[in-house]
Amino acid sequence: MPPQKIETGHQDAVHDVAMDYYGKRLATASSDCSIKIFSVGNSISQHLATLIGHRGPVWQIAWAHPKFGSILASCSYDGQVIVWKEGNQNDWSQALFVNEHKSSVNSIAWAPHELGLSLACGSSDGNICVFTLNPDGGWDTARIEQAHLLV
């Protein structure tokens with residue numbers, strides 16, 4: 001893919017960018033509390049969607065494996081984790097909204113797809129949560145209290 005400049009339209013700093021599995025879409029996370037999704041390729045980019053749901057800077061985003069559909073997770077200074085799912089093309093909704101942490105959630109990562117749809121989240125409160133989609137469509141939560149020392 002040739003280099004290209006993308007005007008994100010964010011109103012504040014961009015903290016993270018992530019390409020989807022196929023390299024066709026790019027998501028950006030910003031201090032303006034939003035996530036933006038763009039199509040990329042052939043020296044042009046197109047804004048597809050803006051996801052609003054966080055009340056603080058969005059630190060990180062992560063695409064799930066496409067085996068599960070178009071799914072994007074985000075974490076924020078507001079202590080929340082949101083799993084976004086695309087229904088119709090460019091129509092995103094919250095599939096999971098988590099407010100388990102007492103302070104900023106700084107890091108998220110999807111497990112390998114062979115293990116199912118499972119998301120790990122690390123927070124400044126010292127705790128780690130793992131959310132796993134179960135067969136009935138609900139989410140199971142595993143919590144590791146004080147997984148790391150607070151400084």
Side-chain angles (χ1 to χ4, degrees), residues 1 6 8 10 13-41 45-151:
M1 177 184 330
I6 298 174
T8 66
H10 282 294
V14 172
H15 297 289
D16 194 25
V17 294
M19 297 286 292
D20 74 351
Y21 181 83
Y22 299 110
K24 301 276 187 199
R25 292 190 289 181
L26 175 81
T28 59
S30 172
S31 274
D32 68 8
C33 307
S34 74
I35 298 152
K36 294 188 183 258
I37 300 173
F38 302 87
S39 67
V40 292
S45 64
Q46 178 184 5
H47 177 259
L48 300 175
T50 298
L51 310 182
I52 304 292
H54 287 289
R55 297 181 319 246
V58 183
W59 298 135
Q60 193 173 26
I61 46 182
W63 292 94
H65 191 278
K67 163 184 176 175
F68 304 106
S70 292
I71 295 178
L72 183 70
S74 59
C75 64
S76 170
Y77 177 81
D78 62 14
Q80 299 169 350
V81 174
I82 302 175
V83 175
W84 307 86
K85 182 166 180 57
E86 184 179 32
N88 295 326
Q89 189 173 14
N90 303 322
D91 182 24
W92 294 81
S93 62
Q94 295 180 8
L96 177 67
F97 178 86
V98 177
N99 205 4
E100 293 274 326
H101 293 282
K102 295 174 183 64
S103 63
S104 179
V105 180
N106 306 316
S107 182
I108 53 175
W110 291 102
H113 70 280
E114 297 88 356
L115 300 177
L117 191 60
S118 191
L119 180 71
C121 312
S123 172
S124 292
D125 65 10
N127 301 323
I128 293 173
C129 287
V130 178
F131 304 98
T132 304
L133 184 65
N134 59 43
D136 70 5
W139 292 82
D140 294 327
T141 304
R143 193 172 176 87
I144 304 168
E145 298 285 337
Q146 298 307 299
H148 50 95
L149 297 175
L150 300 177
V151 181

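- More than 12 heavy atoms of other residues, nucleotides or ligands lie within 6.0 Å of CZ in Phe97, so this atom counts as buried by the packing criterion.
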- Task: In sequence, state the C-alpha distance, the side-chain angles, and the governing distance for Val81 and Leu96, and then conclude on side-chain contact (heavy atoms from CB on, under 4.5 Å).
- Result: CA-CA 8 Å; Val81 174; Leu96 177 67; 5.8 Å; no

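- Side-chain contact check for Val98 versus Trp139: every heavy-atom pair is 4.5 Å or farther apart.
- By the neighbour-count criterion of 12 heavy atoms within 6.0 Å, atom CG of Asn88 is sparsely surrounded, having that number or fewer from other residues, nucleotides or ligands.
- Residue Ile82 holds its CD1 atom at 10.0 Å from CD1 of Ile52, rounded to the nearest 0.5 Å.
- The minimum heavy-atom distance linking Ser107 with Cys75 is given by the pair N-SG, 3.8 Å.
- Ring geometry, His113 versus His65: the interplanar angle falls under 30°, so the pair is classed parallel (tilted spans 30 to 60°).
- When all heavy atoms are compared, the tightest approach of Ser124 to Ser103 is C-OG, 3.2 Å.
- Using a 4.5 Å cut-off on side-chain heavy atoms (C-beta onward), Leu117 and Phe131 make no contact.
- Separating the OG atom in Ser70 from the CG atom in Asp20 is a distance of 7.5 Å, to the nearest 0.5 Å.
- Residue Val40 forms a side-chain contact (heavy atoms from CB on, under 4.5 Å) with just one option from Met19, Lys24, Arg25, and that option is Met19.
- A 6.0 Å sphere centred on CD of Glu114 holds more than 12 heavy atoms belonging to other residues, nucleotides or ligands.
- Considering only residues two or more places apart in sequence or on other chains, Phe68 meets the ring pair (Phe, Tyr, Trp, His ring centres under 6.0 Å) condition with none of them.
- A heavy-atom distance below 4.5 Å is not found between the side chains of Lys85 and Trp92.
- Using a 4.5 Å heavy-atom cutoff, the side chains of Ile37 and Leu72 are in contact.
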